[in-house]
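For reference, the structure is listed below as structure tokens.
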Amino acid sequence: MKTISTTNAASATGLMSILFVALIGATVLFVAGHAQSATLHDAAHDMRHATGFPCH
Amino acid sequence: MIRKLLTGGVVAGFAAGLLGALLHFAFIQELILLGEEYESGARVHFQAHGEPDDAGMQAGHDHGAHDHSGHDHGGGDGEETSTIVRNGLTVLFTGLIYAGYGLILVAGFALAEHFGRRIGTAEAILWGIAGFVSFQLAPAMGLAPELPGSVAADLGARQAWWLGTVIATAGGIALLAYGRGVVWWVLAGALLAAPHVIGAPHLDEYYGVAPPEVAAEFAARVLGVGLVVWTVLGWLAGSLWQRESA
């Protein structure tokens, strides 16, 4: 019983870590690729055009 | 676990992004600058009466018009500095965007391992190519990479369609690759097709001022560079993943 709950806890942590990393990746994509503040847009402009993000 | 994922994703992503920046300046930047000359009116593709603008195409006229256009890429002392800053930011943000892709990719590797599937280097390269299809090729089928000087529909609607297409395509490819049985494959096909059945937001008419030849070359080069960089990203992330988990 104890072993099972430990394993479940370990898997749960693993999934949380994976989700956390994926979320950081998605946040980076949103900030660099989609956010429309003027400064960010200008700084990321050429990259957005060159990687196929909708830009203007 | 988190540290391993973060390091692997960021290192592989940033390295691939640097290659991406190199290819950007070799193939893409010149077309962006050319598109901007049409966007700002420094160059004119066709005049109002529909004749090619011979005079406007002459180099001398172009530079004259450009220097006095007041556009922020105009001549003078500021040009060199702003070009350096502009290109530096492009390198930085290309590294950043691929670091973001890298993080999502290694999160995927970890998820596969969580369900008992070790991702080797060869499979990681395929994941990289699948990432290219999901993040660039499939969205480009509805919203072609935009050359400056082209005009498109409402930004929010395009971003929403872009995001939906990325998620549906990645999900569809994952089901196609790892789903077992006809039901999964049918679902995969539906996910892959859905964004294109729904259709990307478009304007009723075309208002672009840049020549279609430039826009076509731009789109082709963007996709070619994207494929190369994503393939390298898959390979790098896979190699690091292998080494870390050995």
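Chain A is the first sequence line, chain B the second, and so forth, proteins listed ahead of strands; every chain is numbered from 1.
Looking at every heavy atom in both residues, B/F93 comes nearest to A/A44 through CD2-CB, 3.7 Å. Between A/V21 and B/I2, the shortest heavy-atom distance links the atoms CG2-O, 4.3 Å. Nearest heavy atom pair, residue A/G52 against residue B/W162, reads O-NE1, 3.6 Å. Closest non-hydrogen pair, A/A32 versus B/L96, comes out as CB-CD2, 4.3 Å.
B/L163 contributes atom CG, which lies 10.0 Å from atom CZ of A/F30 (distance to the nearest 0.5 angstrom).
Within residues 35-42 of chain A, the residues approaching chain B closer than 4.5 Å by heavy atoms are, in numerical order, A/Q36, A/L40. Taking 4.5 Å as the heavy-atom cut-off, the residues of residues 142-158 of chain B that approach chain A are B/L143, B/P145, B/E146, B/L147, B/P148, B/L155, B/R158, ordered by number.
Every side chain to side chain contact (heavy atoms under 4.5 Å, CB included) that B/A138 has, sequence neighbours left out, goes to B/T165, B/T169, B/H196.
Side-chain contact between B/E36 and A/H45 is present, with at least one heavy-atom pair separated by less than 4.5 Å. Contact annotation: the side chain of B/I97 approaches that of A/L29 to within less than 4.5 Å [non-hydrogen atoms, C-beta and beyond].
Taking the six-membered ring where tryptophan is involved, the planes of B/Y101 and A/F53 are essentially parallel, since the angle between them stays under 30° and well short of 60°.
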Side-chain donor-acceptor distances from residues 9-34 of chain B under 3.5 Å, at least two apart:
residue : atom : partner : partner atom : Å
B/H24   : NE2  : B/Q29   : OE1          : 2.6
B/Q29   : NE2  : A/D46   : OD2          : 3.0
B/E30   : OE2  : B/R221  : NH1          : 3.3

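Considering only heavy-atom pairs separated by less than 4.5 Å from chain B, the leading option among A/A26, A/P54, A/G25 is A/P54. In terms of heavy-atom pairs under 4.5 Å with chain B, the best-connected choice from A/G33, A/A43, A/A22 is A/A43.
In summary, of the residues considered (B/I104, B/L103, B/L5), a side chain to side chain contact (heavy atoms under 4.5 Å, CB included) with A/I24 occurs for B/L103 alone.
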Exercise for review: Could you give me the CA-CA distance, side-chain angles and deciding distance for B/V225 and A/T51, then say whether side-chain contact (heavy atoms from CB on, under 4.5 Å) is met?
Suggested key: CA-CA 9 Å; B/V225 167; A/T51 42; over 6 Å; no

